[in-house]
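Each chain gets a letter, A, B and so on, in the order the sequences are listed, and its residues count up from 1.
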Amino acid sequence: MNGRKHLLKPLAQCRSLLQRFKATRSLTSTKLLHARIIVSGLLSTSGSTAPVLSNLALTYALCGHVPHAAALFDELPVRSPSLCNALIRMYNLCGRHYEALYVFVRMLASGWCPPDYFTYTFVCKACSDLSLLDVGFAVHGKVFAAGFDADTFVQNALLALYMNCGAMGAARKVFDEMHERTVVSWNTMISGYFKNSYSGEAVMLFKLMMSAGVEPDSATVVSVLPACGNLKELDLGKCVHNIVEEKGLGNKNIAVSNALLDMYAKCGRMDEAQAVFHEMDKRDVVTWSAMINGYALNGDVGKALNNCRLMQFDGVKPNPVTISSLLSACSSSFLLKLGRCFHGWSMRQKLESDVTIETALIDMYAKCKRVDVSFHVLARALQKKTAPWNAVLSGCVHNGLAKEAIQAFKQMLIKEIEPNLATVNSLLPAYAILADLQQAMNIHGYVARSGLVRNVEIITGLIDIYAKCGRLESAHRLFNDIPRNEKDIVVWSVIVAGYGMHGHGEAAVLLFKEMVHSGVNPNEVTFTSVLHACSHAGLVEEGLDLFNFMLHNNPVKPHFDHYTCMVDLLGRAGRLQEAYGLIRTMPFKPNHAVWGALLGACVIHENVELGEIAAKWLFELEPENTGNYVLLAKIYSALGRWKDAEDIRHMMKKIGLRKAPAHSLV
DNA sequence: ATAGGGTTAG
């Protein structure tokens, strides 16, 4: 009795020491303590060795030293559920999830060491990190059988598991059946929906949570803010900002401020982002990256660069995300030289073999029309990752290199790199460019076999391909198969454009009206599609009606494209004066496309006066475009004004343009 | 002891 009392103190001391080593991750200290425990004979004499041992093993695990940890557990004479749980937890912590599952299986097999609700939360975490949905379902079955299905922790772990595996339906079912939802349950659902690119659902759940009277915490805030940014829900974002201020969540949690800053940046409010930035007393890489990315998104490369400099003055080193943001700023502004500089910088930072950076580099070179360099970067990429390949595919398509994209995709399959949704999404436009029915049917077959056909984006891509191939029946069949509530603005635009492109203006207008009727609000793209359809089919009155509808009853502001369509529509119909009138009342300076449409119409209707006006503007706006000179000369020739036609040819020679082939002048 | 959280990306 005496000896035992004497030993209790060192044991308590061990525990507090281990607690400290766990926090500091000090392997050397842990090893020393381990040695002292053995030398002191503490383990052989004490009755409560198991907690010390499991603690020691956990500490080893946290220090990243699994061999010692695993060996310790093997030495243990008796394995209680709590020890096994600690082992599973340890394997989870160091990323060896399969070993974690193996311990679980052994627990089940042993018969005398039944898993408890702690075990199940850890096991769910293991499946979640491994994205093993099948195993997850099996585990869920065991949860039911063991009667742990009403435990909130287990339920929350299941929610996270299903969300991580993309099984939103399964997650929702668990969530709906929970009798007690903690703030963690709500947070898991919100962030889960966002991660599965269902920002709308995420926002909706947040609103539900608020009306249910659940107190949001910092995790809630950082889960819902990215969704607000994604949807450009500035008002909701501001509400969340108010909550943060009221509860003082941003004061000690840098993630909260970073999320706020990013939300404002995504909503295009760099002033507000700057204000959040200003208020922060500490800034890390994420803060700076979010700022840089914000300016990049809003097209202000100068400010992005400036923030990059300030970041370095602040002593913060860039990470792959920082550099990718800078590279994407270069891609969207076609700054090849600057992009090359960042390529060099990534090399000096020893980050050039990071997948994120490789992908950003491939994207940057492709957008700057250097697909050759993109392929070069891809060739040097060692990892068998999908993302860089996707970037190459979309880079090819972006440059109209359909055959190269398809070739690259075949290479991908040969190299056994697994295609994903983004792969197919990047690839399908290549088939739309080719407009080859046989090949289209081949890829349709592939997509069907890959099981991706359930995705609306993919179906939209297929509809576009069939439409471009002229197979409107096939396109329409695919369109009809999409459930009514899943038909989004993009798929409507594609089908309208498909009919329009082949001269079926009436069908296009009808579909457009059906879309509006079904409650989908047209955007600038849909208006372009339908106006284009009208101009192709010569539906002047319908076109004018729709254009007026757009001007007066719709929040969508008309753009160059819409005016171009209208000028084209009126012009083709011979209503040249009206077309010219429209150009003169445009709310912005007419561009080359608008004048080009008028000039084209003047050629058809042999109208010199307006043709000359249009041409005069075009010579100024795009002096090196030979086509404009040719078209004006064509009008002169048609009217027998050979001298004027000859003058135009002289004019071209004077500004040093290559002489157009003679036949096009007549 | 247990579950959820910030910047990029095809």
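For K142(A), the side-chain contact (heavy atoms from CB on, under 4.5 Å) criterion is met by L108(A), Y120(A), not counting sequence neighbours. By the side-chain contact (heavy atoms from CB on, under 4.5 Å) test, R96(A) pairs with V66(A), Y91(A), C94(A), E99(A), sequence neighbours left out. For Y162(A), the ring-ring contact (aromatic ring centres under 6.0 Å, His included) partners two or more places apart in sequence, or in a different chain, are F137(A), H140(A). Applying the side-chain contact (heavy atoms from CB on, under 4.5 Å) rule to E201(A) yields the partners R172(A), Y193(A), Y198(A), M204(A); only residues at least two apart in sequence or on another chain are considered. F206(A) is linked by a ring-ring contact (aromatic ring centres under 6.0 Å, His included) to nothing, counting only residues two or more places apart in sequence or in another chain. Partners of W288(A) according to the ring-ring contact (aromatic ring centres under 6.0 Å, His included) rule, which considers only residues two or more places apart in sequence or in another chain, are F277(A). Looking at residues two or more places apart in sequence or on another chain, you find a side-chain contact (heavy atoms from CB on, under 4.5 Å) between S374(A) and I362(A), Y365(A), A366(A). Residues passing the side chain to side chain donor-acceptor pair (under 3.5 Å) test with T30(A): none are found, sequence neighbours excluded. Every residue meeting the ring-ring contact (aromatic ring centres under 6.0 Å, His included) condition with Y60(A), not counting sequence neighbours, appears here in chain and number order: H34(A), H65(A), H68(A).
Residues E215(A) and K247(A) are paired through a salt bridge, judged by an N-O separation under 4.0 Å between the basic side chain and the carboxylate.
For V183(A), taking side-chain heavy atoms from C-beta onward, the closest of the listed nucleotides dG4(B), dT7(B), dG10(B) is dG4(B). Of the listed nucleotides (dG4(B), dG10(B), dT8(B)), dT8(B) has the atom at the smallest distance from the side chain of D262(A).
A heavy atom lying under 4.0 Å from DNA chain B marks the following residues of residues 153-177 of chain A, by number: F153(A), N156(A), A160(A). Scanning residues 357-378 of chain A for heavy-atom distances under 4.0 Å to DNA chain B yields an empty list. At a non-hydrogen distance threshold of 4.0 Å, nothing from residues 405-414 of chain A comes into contact with DNA chain B.
Using a 4.0 Å heavy-atom distance criterion, N253(A) is classed as a base contact. Using a 4.0 Å heavy-atom criterion, one finds that S289(A) contacts the bases of the nucleic acid, with or without backbone contacts as well. Residue K385(A) is classed as having no contact, given no heavy-atom separation below 4.0 Å to the nucleic acid. T356(A) comes within contact range of at least one nucleobase, with a heavy-atom separation under 4.0 Å. Counting any heavy atom pair closer than 4.0 Å across all strands shown, D217(A) reaches a base atom. Using a 4.0 Å heavy-atom distance criterion, S223(A) is classed as a sugar-phosphate-only contact.
The shortest distance between the side-chain N/O atoms of K195(A) and the OP1/OP2 oxygens of dA9(B) is not below 4.0 Å. Proximity of N85(A) to the phosphate of dA1(B): no side-chain N or O atom is located under 4.0 Å from OP1 or OP2.
Spacing between atom CG of L205(A) and atom P of dG4(B) amounts to 17 Å, rounded to whole angstrom units.
Taking a centre distance below 5.5 Å and an interplanar angle below 30 degrees as the stacking criterion, W186(A) does not stack against the six-membered base ring of dG4(B).
Taking only distance into account, the side chain of S218(A) meets the base of dG5(B) through a donor-acceptor pair shorter than 3.5 Å.
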